[in-house]
Amino acid sequence: MTNPSIPIIAIDGPSGVGKGTLAQFLCEHYGFHLLDSGAIYRTLAYGVTHSDLDVENEDAIVSLARQLPVSFEGGQVYYGEQVITSAIRTETVAAVASQIAAIQPVREALLQRQRDFAKPPGLVADGRDMGTVVFADAPVKLFLTASAEERAKRRVIQLKNQGVDANIAQITWDIEQRDARDRSRVSSPLIPAQDAVEIDTTALSIDEVCQQAIRLCDRSGIQPA
Ligand code: DC
């Protein structure tokens, strides 16, 4: 149970649906804090890879998760003193993150760290289990979806903008694999909370998604700080 006086907007959904963009927008609109929970799992994946830990070595991964030296400052993600903002955005890190996120004790080790982001005046929490587990009592729960083809297309554009050459067939395959694993895992699978409102973003512009979300938040009494 989190402090009910702190308004929380939970945004869940698979990769590439526009959760990050919507979360940023809502943070600015309402003046709230942001939790990018995927970045925490990605940072753990980064730590696992860079410490040469075997992804099967659950005990060592849980132990790292318990004392993960992750911090967020000025839009940057830090692993200890090291800036890893771009390094955690690779497909390789995403794949390892999805694998280790299926380990229940890892999720437990990261639970309180995520809840600690709930501070006045409010929080926008972006992830896979924000509305079902981490902030199960959030007053607003949005679940974003989009077709795998559309999500792959968006990812390719994002990578091209970063100067990275991308193969759409490979990206679609990676997205489908990751989604299948996130949806079918036993611990906190990627599913909408019963009281979540689903928004299919396939044919919507970013602006349309943001406006729809604002209407839902306003209806729930969320007010700018
Ligand atoms: O949102 P993202 O693509 O940055 O997340 C990377 C991986 O982390 C994703 O495949 C699943 C995992 N994840 C999770 O299991 N639970 C969350 N709340 C957020 C991310």
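Note that this is a predicted model, so its numbers are computed, not measured. Both ligands and their constituent atoms are indexed starting at 1 by order of listing.
For ligand 1, the polar-atom distance check against Arg42 finds a nitrogen or oxygen pair separated by under 3.5 Å. For the pair Arg178 and ligand 1, the shortest N or O to N or O distance does not fall below 3.5 Å.
A salt bridge is defined here as a Lys NZ or Arg NE, NH1 or NH2 lying under 4.0 Å from an Asp or Glu carboxylate O, and Glu149 with Lys153 fails to meet this definition. Between Asp36 and Arg42 there is no salt bridge, since no side-chain nitrogen of the basic residue lies less than 4.0 Å from a carboxylate oxygen of the acidic one.
Counting atoms of ligand 1 from 1 in the listed order, those under 4.0 Å from a heavy atom of Gly38 are 1 (O), 2 (P), 4 (O), 5 (O), 19 (C), 20 (C). Atoms of ligand 1 lying under 4.0 Å from at least one heavy atom of Ser98, given by number and element, are 10 (O). Every atom of ligand 1 is numbered from 1 in the order shown, and the set under 4.0 Å from a heavy atom of Ala101 is 12 (C), 15 (O). The distance from ligand 1 to the heavy atoms of Asp182 drops below 4.0 Å at these ligand atoms: 9 (C), 10 (O), 11 (C).
Scanning Met130, Arg89, Gln177, Arg107 for the heavy atom closest to atom 16 (N) of ligand 1 points to Arg107.
Residue contact annotation: Arg181 has no non-hydrogen atom under 4.0 Å from ligand 1.
Contact annotation for Gln99 and ligand 1: no heavy atom of the residue comes within less than 4.0 Å of the ligand.
Note that CG of Leu144 is 9.5 Å distant from CG of Asp12, once rounded to the nearest 0.5 Å.
Atom CD1 of Ile206 has 12 or fewer heavy atoms from other residues, nucleotides or ligands within 6.0 Å.
Aromatic ring centres of Tyr46 and Tyr79 lie closer together than 6.0 Å.
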